[in-house]
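Heads up: the structure comes next, in structure tokens.
Numbers here are sequence positions counted from 1. Being a predicted model, the structure only gives us computed values, none of them experimental.
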Amino acid sequence: MSAMARPATRLALGRRLFGRQPLGYLFVAPYVVFLFAIFAYPLGFAVYMSFYDYFFAAPGAIVERPFVGLDNYTTALADPVFHRAMLNVVIFIAINVPLTVFVGLILATALNTAIPFRTFFRASYFVPYVTASVAVIGVWLWLFNSDGLVNNLLGPLAPDPSWLVNSFWAMPIIALFATWKQLGFYVLLYLAALQNIPEELYEAAEVDGAGTVKRVTAVTLPGVRPTTTLVVIAATITGANFFTEPYLLTGRGGPAGASVSPVLMMYTEGIEQGHAGYAAAIGVLLAIGVIAVSLVNRYLLERS
């Protein structure tokens, strides 16, 4: 009896550890390796670098990288450029995330109805998302430079200095550009969520006398709430890591650092100036801030 009980005990323990289908672990193993190699290991190494006076050296070279503790973090927290970069992230997210949710849901709702040329419009909104940033940034430079189309249309109402060299307007223009470019992806998410809402719910609401606004608030918004949570978190993470836009639109974060971002700071400090440990500390602080904001957003959205 005891000999038969031992295999049964091992089988129960194996199912508790690996589930009823252990073969599934074999299928997810490539993604786990990819996740560790691309995300987990670099993040852990960045945390390690942030505690040292780290700099890059030639392969095989033996150099001393002294341990500095929290010095890189204290330097970053006292750096006015870092303060400005974090403020720019807040401005970016405050413009980008609400616009993405509001406009994305409206466009997805319109594209979910039987409008003429619906397929054409669906493709049109997605084209900027798959177009290279360098290409579309050239169009925005033409639109918003001092003698561009926008200034010609506004005439005397145009700001002076112009949009992308104006310390007040540079960040809003960058946020609007990112919203426009990424909107197609979020419209696609909302469109999928809307198509999963049962039509019977709208019919029941209409029978109960609900108007258009009431159907939206009672059926549409609750139906897309999980997608809204995903959109808010994804837009927040993407917004906190913007780099290409200030690098190309405003000439590396100009004017006078008014549109600098933390990731642009990391590139400047770590790659161009060789302060890799300081750049890693900026990255860790940014990651902590993004995780905290994302958790708060998720809590508030799921609670509502």
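Linking ILVMFWY side-chain heavy atoms closer than 4.5 Å, directly or via other members, places Leu43 and Ile288 in two distinct hydrophobic clusters. Taken together through direct or relayed side-chain contacts under 4.5 Å among Ile, Leu, Val, Met, Phe, Trp and Tyr, Val32 and Leu26 form parts of separate hydrophobic clusters. Both Tyr267 and Met49 are members of a single hydrophobic cluster when ILVMFWY side chains are connected at heavy-atom separations under 4.5 Å. Note on Leu249: it does not cluster hydrophobically with Val165, by side-chain heavy-atom contacts below 4.5 Å among ILVMFWY residues. Taken together through direct or relayed side-chain contacts under 4.5 Å among Ile, Leu, Val, Met, Phe, Trp and Tyr, Trp169 and Val139 form part of one hydrophobic cluster.
Under a cut-off of 6.0 angstrom, the local environment of CZ in Phe120 is sparse, with at most 12 non-hydrogen atoms contributed by other residues, nucleotides or ligands. For Arg84, the CZ atom counts as densely surrounded, since its 6.0 Å shell holds more than 12 non-hydrogen atoms of other residues, nucleotides or ligands. Residue Phe126 places its CZ atom among more than 12 non-hydrogen atoms of other residues, nucleotides or ligands, all under 6.0 Å distant.
Side-chain contact check for Val187 versus Tyr129: every heavy-atom pair is 4.5 Å or farther apart. Thr227 has its side chain out of reach of Tyr186: every pair of non-hydrogen atoms, C-beta onward, lies at least 4.5 Å apart. Taking the side chain as every heavy atom from C-beta outward, Thr268 and Gln273 approach each other to under 4.5 Å. In this structure the side chain of Ser50 reaches within 4.5 angstrom of the side chain of Tyr73, judged on heavy atoms. In this structure, Tyr299 and Leu295 have side chains that are not in contact, with every pair of non-hydrogen atoms separated by 4.5 Å or more. Here the side chains of Phe92 and Asn88 are not in contact, with every heavy-atom distance at 4.5 Å or above. Side-chain contact check for Leu189 versus Val224: every heavy-atom pair is 4.5 Å or farther apart. Using a 4.5 Å heavy-atom threshold, the side chains of Met86 and Leu285 count as separate.
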Does the pair Ser259 and Thr250 meet the rule for a side-chain hydrogen bond (donor to acceptor under 3.5 Å, both in side chains), with working shown?
CA-CA 7 Å; Ser259 62; Thr250 59; 2.7 Å; yes
Apply side-chain contact (heavy atoms from CB on, under 4.5 Å) to the pair Ile174 and Phe177, showing each step before the final yes or no.
CA-CA 5 Å; Ile174 288 175; Phe177 168 82; 5.7 Å; no
Applying side-chain contact (heavy atoms from CB on, under 4.5 Å), run through Leu105 and Leu221 and close with a yes or a no.
CA-CA 9 Å; Leu105 182 55; Leu221 293 182; 3.6 Å; yes
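Of all the heavy atoms in Tyr190 and Val231, the pair that sits closest is CE1-CG2, 4.0 Å.
Aromatic pair Tyr54/Phe45: centroids less than 6.0 angstrom apart.
A side-chain donor-acceptor contact under 3.5 Å links Asn145 to the backbone of Leu141.
The CZ atom of Arg298 sits 13.5 Å away from the OG1 atom of Thr236 when rounded to the nearest 0.5 Å.
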